[in-house]
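See below for the structure under consideration.
Being a predicted model, the structure only gives us computed values, none of them experimental.
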Amino acid sequence: MLLLLLTFATAMAVATFMENDFGTAVAWAVIYESWWFEMVMVLLAVNFVANIKRYHLFSRQKWPIGLFHVAFIVVIIGAGITRYFSHTGTIHIREGQAQNIYFTQEKYLQVQQNDPDNSQHFQKPIKLTSQTFRPQEVAVPNSNGLKIRISDYIPHGRPTFEKGEEDYLDIALTLGEGREDIILPIGKSLPMKELHLATQPQAAHPIKIYKGDSSWMISTDVHLQVMQMSNQNLGVLHAGETKPLKLRSLYQWENGAFLIKATYEGSQLAYVEEKDPKLAEQLPDVVALEVLDKTGNILQKNHVQSVKLNPSWNHFTYQGKNYQFTYGPKARQLPFSLYLKDFEMQRYPGSQSPSSYASKVMVEDKEQSFDFRIYMNNVLDHGGYRFYQASYDTDEQGTVLSINQDKLGSTLTYIGYFLLGLGMFFTLFTLNSRFQYLNKHLQKIKKVAPLLLIFLSGTNIAQEMPKTAAWVVPEKQANMYGQLVVQDLDGRMKPLGTLANEIVRKLNGKSTITLEDEQLELSPEQFLLAIQMYPEMMGSLPIIKIDKQKGLHIYEALELPASGKVSFLDFVDDEVQYKLQAKVEKANLLKPSERNEGDNELLKVDERFNIFFGLLTGDFLKLFPNRLDENHTWFTRDNSTQNFPEEDVKFVRHITGIYLQGLQQGLETDNWQKANESLEYIDLYQRKAGEAVYPDDRRLQAERFYNQLNLGNRLFGIFWLLGIVMLGIAIWQTFTENKWTKRLWRAGMVLSGLGMLAFTFHLGLRWYIAQHPPWSDGFEMLVFVGWGVLLFGLLFSRKSRFTVPLGLLFSGTLLFVAFLEWLNPEITNLMPVLHSYWLKIHVAIIVSSYAPLALAAVMALLSMILLIFSPKSPLANWWRSLLELTIVNEMAITIGLFLLTIGTFLGGVWANESWGRYWAWDPKETWALISILVYASVLHLRLIPGLKNFMVYQLASLWAFASIIMTSFGVNYYLSGLHSYAKGDPVPIPSWVYWCVAILLVISIGAILRYRNFPATIKTYLRV
C-alpha cells in the first residue's frame, strides 16, 4: 500500500515538471492517461478494499476510518467514469446568433466522403504530442485502400516557404473576433462571414485577388476602405473597381478587414518549430498529413493546424469520389440551441482589468425556451449538459463557453467527497479512533497540567523625534493630504496615504524616508508633498535604495561609492540620459532563471528609478474623477484635457498648484487656511464627480487606521521575543519547576492570547478593507498560515508545553518573511473567477491545513534538536516531553491532513462550478494531492513494523513539509498552470534555501546518530 502511494505521488510529481518543460499534452499522454498510471489507481482501490477487510474497518470501533476508505474507492470509480464516458468541449457564439454545434476537447483524424448518394464519415481519436510522436498510417474503411499518413508533428509551427510550384497569399484577417493569420493557396477561396475572398479572376465571389500580367490585382463588388499601414494614408476601392493590390494595406468593410502581408510565388508551404518562447505562445501546433492510395502513392500533402475550434478541411478526389479530411476537434450537435443576446464586460474603475464578464443567452429548446446569465461561478444546467463561461472575443461581441456532460461521474465523485468529510469528522471524535487514543495516551503520561513558563519583555523601542526642517510640511497637515482618495493603476480606490506608503516602501524598503545628512525623517505623506513642492531638491537627495553587495556593478556604472542610497539625479548624465539603460535592457533579455543576484537587483533599482520619475511627473496621483468617463477613470492634473466637462477643466488644472502654494504660505506664516480650503475643495470634487466609485467613509477610515497601526510589521518582533523566552523556560521546566515559572507561564499565555487577538484583528481589518478574505495571494497566504500556526499552538497548549513557543516563533518568522521585499503586501483587486464564496471556503480550509502541518514540522525539528543535546542522564521529565511532542505532532498531522484533503476536494467542487471539471491535473491541485499522499504515508508508517520508531517518524514529519512548500510556493513560481505566477519560467532559488536544507540535513544526521546510541528501553518508550 505504502509503495503504491509513493509510486502514485512520484509519478504525479514527475508529470508536473514534464508539463512545465514539454507542455500539458505530453504530461497527459506519458503519465496521466497512460495504462500503468490508471492501473496504479485501480490497485490502490483494490488495496483499500483489502485493508477494510484486513483491519476490520467497519467494526463498531473503526467504522469512521472504513467510511473514508470507502470514500476514496467511490472517488476513484467516479474518476474512471469521467475519464471514459464524459464529454467535454467548447462552443463559440457571436451576439445575435444561435449555435448548437460544439467542438470536442479530444482531437480526431477525420475523413469524410462527400457523395450525395453515399456520404460516409470516418473518425479516429488520436493524441499527438511532441515527445511521443511517431509517424503512423490509418486505413480509411470502405474506401478501396485509401490511407492517411500522419507524417510529422511540428509544435508551435511557424510557416515558412521553400521552392515549389505553388503561389500563396499571406493574409491577416479580423472579423471582430481577434486577428487570424492565414496562408491561402492560389486557387482556393477564403470565407469571411457574409463575404468570400477568391484567388481566381473568374470566381463568382465579391472580392478577388489574383495575379495579373505584371502585378497582383484586387477587384471587388463591395465598397472597401483602404488604409496604408506605413503612413496611415486613407483611400477607397469602390464597388466594381479593379486596381493593383497594395501590400500591407488594410482593406476594410463594415464587418471586418484584411491585410495582405506578402505574396509568395513559385513556393511550397512548410512549417518549422518556433524556438522563441514568446512567439511560440501565439502559434498552434501543426500536423503534416499525407493521403495515400492503395499502392502507397502520395495523392496529396497538407498541413493542418491543431486548433480548439473549427479545424480547416482539405479536399481531394480518389477514384472519382470527393473526400475531405482534417485533424482536430470533432463537431458535435446539441439537442437544443443557445442564442447569445448580449456579452457583458465589467472592468475595475479606470482600468482595463476585467472584474467580471457574463453571457446573456436564451436556451432554445423544443419543449421550452428561457433566458439565463452565464458567468464565472454561475453555470447553466440544461439537458444533461453544463455550460461555463470560459473566454470571450477580443471585440467583446462573442463568447466562448466550456461544455461538460458528466452527470454520473461528477455525482459519484461528490458522494465520495461527502463520505470522505463525514468519515474524517467522526474519526476525530469516535471514542476508539486513533486520534482519541493519542489524546488519552497523552493525558496518561502527563503528571502536571501546564508546564510552560513565559517572560515578556514587550520592548517597544522608543525613537527620538526626528528633527524638523523649515521646508517640511508638518505631519498633521501631511496626514490631512493623505486622507484624499486616489485610484491606482489597477483601478482600486484607496486613501492617498496607502499609495504613499507603498511608494516609500518600494523606494527604500522602509515605511519612512530618512535623510541622514539633515538628520530628518519624513512620513510617506510628507515625502509625497515634498517631492511636489521641491522636485529639484528631492531629486538630488540620496533616497533610492541600492544594495551594497548585490549592487556593486550598479555603483560602478554610476561612478559612486557603495553607500546604500543614491539620488535620482545620480542616474542621469549631463545630457539627461539614463546611465543604466543598456544594462537594464540586457538584464530584461535574460530569462528569470538566467539572472544572477546582480541582475535582479538592477531590475529592482530600475523599478525604483521609474517610480521616482513617475512621482516627479505626477503620473501616480490620479486624484481627479471625470464625471463623463463611462469606466469611471480618475486622472492626474496634467490630464485635465481628457474630455473633462468644461467647468471642471480649470479646477483640475489649477487646484493642486493652489494647494501647494497654500502649503508654502503656511510654512512661512503658520497660517494653513488656504491649504486647508484647497484640500476641502479637492475632497468635495472627488465625492461629487466620482460618486459612483467613491469608497465608503468607514472603509477609508479603516484603511487609514490599518496603515497607521502597521500591526503585521510590528508583531513578528514581539512573537520572536516571547517565543524565545518561552522556549527557554519550557526546556528549563523539563528539569525543574516552581511557582514563579508557573506564574510567568500563565502571564505568557495571557500575552500570547492577546497577541492572537491582535493578529486576528489585523486579518479582520484587512478583510473589511479589501472586501474579500485575506488569503487571495502569496503575501496574504503566508500571513494567514502564520495566524493558523499560532492558533493551533494555543489549541494544543494543554497537550505539550512546547506548542505555544513554537507557534510564536514560527508565526513570527512567517510574518517577517511576508514583509520582506519579495512579496507584495498591497491590497489588490480580485480576478473574476475569485469572486466566489468558494474562495472563502476552499482557500481558507486548505491554507488552514498548512498551519498544523507546519507546527508538526517545527515540533519534529525541536524533538531532534532536544535529542542531539540530551543530557548524559536525562530525567524522566525529559523523555516525557519528547513523547508529548511526538503525540501532539501526530495529532497535528492528523488534523492538517484532514483539512488538506477536504480543502483539496472542495477545490475540485469549485473548479467544477467555475469551468466545468472537478479535476484536470493542474500542477497546484496535483501537488496538493501529492501532499495528501505524503502525509498519509507518514501516518501509515506505524503499520510497518520496521519503520515504527521515534526517529523515522520525526524525520518523515519534518521532511514531509517540503511537499507543502512545493504546493504553496514552488508551483506558483516554478511550474506552469492556472495557479502560476512565473508561467513556468522559474526564478532563481535564493541561496538561503540551500543553507536551510543543509542545516536541516546536518540536524537530521546528528539526530539519527544520537538515536542509535539510546538503549532499547528508551526507544520502546518513545514509540507511539
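- At a threshold of 4.0 Å, the pair Lys583-Glu556 does not count as salt-bridged, since none of the basic side-chain nitrogens sits closer than that to a carboxylate oxygen.
- Glu607 pairs by the side chain to side chain donor-acceptor pair (under 3.5 Å) definition with Lys506, not counting sequence neighbours.
- Using modelled atom types, no side-chain atom of Asn600 and backbone atom of Lys604 make a donor-acceptor pair closer than 3.5 Å.
- With a 4.5 Å cut-off on side-chain heavy atoms, Arg704 and Asn479 do not count as touching.
- Atom CG of residue Leu496 and atom CD of residue Gln483 lie 10.5 Å apart, to the nearest 0.5 angstrom.
- With values rounded to the nearest 0.5 angstrom, Ile513 atom CD1 is found 11.0 Å from Gln526 atom CD.
- Proximity of a side-chain donor or acceptor of Tyr850 to a complementary backbone N or O of Phe784 within less than 3.5 Å is not detected.
- Taken from CD1 in Ile611 to CG in Leu616, the straight-line distance is 12.5 Å, to the nearest 0.5 Å.
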Given side-chain contact (heavy atoms from CB on, under 4.5 Å), test Leu794 with Val804 step by step and report yes or no.
CA-CA 6 Å; Leu794 290 168; Val804 174; 4.1 Å; yes
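- Side-chain contact between Tyr681 and Phe651 is present, with at least one heavy-atom pair separated by less than 4.5 Å.
- Distance alone, capped at 3.5 Å, is enough to place a donor-acceptor pair between the Lys924 side chain and the Thr967 backbone.
- We find the CG-CG distance between Leu628 and Asp648 to be 8.0 Å, quoted to the nearest 0.5 Å.
- Between Ser511 and Val504, the shortest heavy-atom distance links the atoms C-CG1, 3.8 Å.
- Under the 30°/60° scheme for interplanar angles, the aromatic rings of His762 and Phe759 are found to be tilted.
- In this structure, the side chains of Trp672 and Leu667 come closer than 4.5 Å at one or more pairs of heavy atoms.
- In this structure, the separation between NZ on Lys565 and CG on Leu541 is 11.0 Å, given to the nearest 0.5 Å.
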Practice task
Could you check Leu529 against Gln477 for side-chain contact (heavy atoms from CB on, under 4.5 Å), going step by step and ending with a plain yes or no?
Solution key: CA-CA 10 Å; Leu529 287 172; Gln477 295 294 325; 6.0 Å; no
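- Among residue pairs with one or both ends in residues 604-630, those qualifying as ring-ring contact (aromatic ring centres under 6.0 Å, His included) are Phe568-Phe609, Phe568-Phe612, Phe571-Phe609, Tyr578-Phe609; sequence neighbours excluded.
- Listed by chain and number, the residues in a salt bridge (charged side-chain N to carboxylate O under 4.0 Å, His left out) with Asp670 amount to none (sequence neighbours excluded).
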What verdict does the side-chain contact (heavy atoms from CB on, under 4.5 Å) test give for Phe635 and Gln487, after you've listed the backbone C-alpha separation in whole Å, the side-chain angles of each residue and the deciding distance to 0.1 Å? CA-CA 8 Å; Phe635 297 89; Gln487 186 180 81; over 6 Å; no
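- Of all non-hydrogen atoms in Gly807 and Leu855, the two that sit nearest each other are N-CD1, 4.0 Å.
- Between Asp697 and Arg687 a salt bridge is recorded (basic side-chain N to carboxylate O distance below 4.0 Å).
- In plain terms, the two heavy atoms of Ser752 and Leu808 that are nearest each other are OG-CD1, 3.6 Å.
- In this structure, a donor-acceptor pair under 3.5 Å is present between the side chains of Tyr481 and Gln532.
- Two residues are said to be in side-chain contact when any heavy atoms from C-beta on lie closer than 4.5 Å; Val486 and Lys494 meet this criterion.
- In this structure, Asp488 CG and Glu502 CD are separated by 7.0 Å, a value rounded to the nearest 0.5 Å.
- Taking both residues in full, the closest heavy atoms of Ala851 and Gly788 are given as CB-C, 3.1 Å, listed atom of the first, atom of the second, then distance.
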Discussion item. Could you walk me through whether Gln665 and Gln661 satisfy the side chain to side chain donor-acceptor pair (under 3.5 Å) test, starting with their C-alpha distance in whole Å, then the side-chain angles of each, then the deciding distance to 0.1 Å, before giving a yes or no?
Written reply: CA-CA 6 Å; Gln665 180 181 321; Gln661 290 173 7; over 6 Å; no
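- More than 12 heavy atoms of other residues, nucleotides or ligands lie within 6.0 Å of CD in Gln581, so this atom counts as buried by the packing criterion.
- For the side chain to side chain contact (heavy atoms under 4.5 Å, CB included) test with Leu558, the passing option among Val572, Asp573, Leu580 is Leu580; the others fail.
- Partners of Arg699 by side chain to side chain donor-acceptor pair (under 3.5 Å), not counting sequence neighbours: none found.
- In this structure, Lys548 does not pair ionically with Glu601, as no charged nitrogen and carboxylate oxygen lie closer than 4.0 Å.
- The closest side-chain heavy-atom distance from Thr633 to Asn626 is not below 4.5 Å.
- Side chains of Tyr694 and His632 form no contact here, defined as non-hydrogen atoms less than 4.5 Å apart.
- Side-chain atoms of Val473 and Met533, non-hydrogen and from C-beta on, do get closer than 4.5 Å to each other.
- Under the 4.5 Å side-chain criterion, counting only non-hydrogen atoms from C-beta, Leu621 is not in contact with Arg637.
- With sequence neighbours excluded, the residues that form a side chain to side chain donor-acceptor pair (under 3.5 Å) with Thr498 are Glu703, Asn707.
- A donor-acceptor pair under 3.5 Å is formed between the side chain of Asn610 and the backbone N or O of Asp606.
- Within the structure, ring-ring contact (aromatic ring centres under 6.0 Å, His included) contacts touching residues 530-550 (residues at least two apart or in different chains) are Trp471-Tyr534.
- Listed here is the closest heavy atom pair of Gly690 and Trp634: CA-CZ2, 4.0 Å.
- Closest of all the heavy-atom pairs between Ala500 and Leu528 is CB-CD2, 4.0 Å.
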Under the side-chain contact (heavy atoms from CB on, under 4.5 Å) criterion, do Ile503 and Leu615 qualify, and how do the steps go?
CA-CA 9 Å; Ile503 288 172; Leu615 290 175; 3.6 Å; yes
